[in-house]
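The structure appears right after this line, and notes come after that.
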Amino acid sequence: MKLMISIVLLFLLPSYASQTSVVYIMSSPEPLNGVIQTETEKTVSLVCFLNGTHEDKELVWLRNGAMIKLIDGNKENNSSICINPVIRKDEGATFTCQLKSNSSHSASVTLSVTYHADLSGSEEVTVEEEESLEMQCDMRANPLATSVTWELNGTMVDLSTWGFIITNNGINTKLYVKKVDRSLHEGNYTCTVTSPSYGPLNKTFQVTVTDKTIKFPLMPTIAGVVVVALTALLAIISRRRVIARCFKSNK
Ligand SMILES: *[C@@H]1O[C@H](CO)[C@@H](O)[C@H](O)[C@H]1NC(C)=O
Ligand SMILES: *[C@@H]1O[C@H](CO)[C@@H](O)[C@H](O)[C@H]1NC(C)=O
Ligand SMILES: *[C@@H]1O[C@H](CO)[C@@H](O)[C@H](O)[C@H]1NC(C)=O
Ligand SMILES: *[C@@H]1O[C@H](CO)[C@@H](O)[C@H](O)[C@H]1NC(C)=O
Ligand SMILES: *[C@@H]1O[C@H](CO)[C@@H](O)[C@H](O)[C@H]1NC(C)=O
Ligand SMILES: *[C@@H]1O[C@H](CO)[C@@H](O)[C@H](O)[C@H]1NC(C)=O
Ligand SMILES: *[C@@H]1O[C@H](CO)[C@@H](O)[C@H](O)[C@H]1NC(C)=O
């Protein structure tokens, strides 16, 4: 019974909310069921109108509940805001216009933002023999990416050989090699992310493996010198303390 009531309320609430609105929003592009479909780099403009005469005419805009700063002259009777350019973070953002004096008079629209992974061009990577190699590509897309691939010299990277590790965390796809071997790992790597709305996009990494250089163990030497210097300094300080105390007690 309780469940049934909640279900009925669920259906009633939206229409109830729209009926009571004294303010309303017009937008470009137009919304469908309160949702504006757009993509990154595009522009969305929203205008809020006060319907009828009200004592208080001041309107406020909120983005996900946070107040948007409006200039004077863009508050009374009607108020417009412009989202330009639309960014990824606007995905799912709700813009609400309400009467400043009474927040129960409000109207809202939500943005649905489609975007593709941020991938293009190529990058040169130099890595020393036997060092680790890590490359990463953005894979965020809306709708979600349907495929993420890595190629080396035009052939799909074979995960079962040559120590390749690929990890995808929804934000980035990473290709990792713990210990680089020039004969196996040098070449052109291309990551390709395919999303339903934008098709495949890629980025290339031109990896050059250089000879191993012999590294002089600089850090331990410095640490050793510091320890010796500190010990000497402490010895001098404690010595002075003893001398100072002697003089004090002698007084
Ligand atoms: C404005 O209010 C009148 C009645 O108060 C109503 O008939 C009309 O549909 C409203 N217009 C909008 C756009 O909400
Ligand atoms: C807002 O509308 C009211 C009534 O329609 C009008 O008297 C008032 O001057 C308007 N305010 C602005 C800033 O236009
Ligand atoms: C919005 O309000 C301003 C002044 O407050 C007025 O000049 C303008 O005509 C109004 N725009 C619309 C579309 O009502
Ligand atoms: C705000 O508007 C609602 C609906 O018209 C009304 O019931 C309520 O009393 C108003 N609140 C204030 C503080 O004016
Ligand atoms: C990729 O191509 C380059 C240039 O032809 C070649 O030097 C390298 O060995 C190739 N890498 C692999 C893993 O086949
Ligand atoms: C790697 O990319 C560079 C630049 O696009 C190109 O000149 C080179 O021929 C490519 N090498 C291979 C093996 O595909
Ligand atoms: C990468 O994308 C470009 C177009 O942006 C395309 O010409 C090229 O063939 C793609 N490279 C690979 C390896 O898929």
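Read the numbers this way: they start at 1 and go in the same order the structure lists the ligands and their atoms. Given the structure is predicted, the values throughout are model-derived calculations rather than measurements.
By the 3.5 Å distance cut-off applied to N or O atoms, Ser101 is not counted among the residues near ligand 4. Considering backbone and side-chain atoms alike, Lys57 places every N or O at 3.5 Å or more from each N or O of ligand 2.
Met67 shares a hydrophobic cluster with Val60, Leu62; the chain of contacts runs through ILVMFWY side chains whose heavy atoms sit under 4.5 Å apart.
Remark: side-chain polar atoms of Thr40 are not paired, donor with acceptor, to backbone N or O of Arg88 under 3.5 angstrom. Checked by atom type and distance alone, the side chain of Asp138 pairs as donor or acceptor with a backbone atom of Asp118 at under 3.5 Å. Remark: side-chain polar atoms of Asn78 are not paired, donor with acceptor, to backbone N or O of Leu50 under 3.5 angstrom.
For the residue pair Thr96 / Ser108, a side-chain donor-acceptor distance below 3.5 Å is found, with atom types taken as modelled.
To the nearest 0.5 Å, the span separating OG1 on Thr38 from CG on Asp90 amounts to 8.5 Å.
Each of Glu129, Glu130, Glu131 was checked for a salt bridge (Lys or Arg N to Asp or Glu O under 4.0 Å) with Lys212, and the lone residue meeting it is Glu130.
Atom numbering of ligand 4 starts at 1 in the shown order; those under 4.0 Å from a heavy atom of Asn102 are 1 (C), 2 (O), 3 (C), 8 (C), 10 (C), 11 (N), 12 (C), 14 (O).
Listed by chain and number, residues touching ligand 6 at under 4.0 Å (heavy atoms only) are Asn153, Asn188, Gln206.
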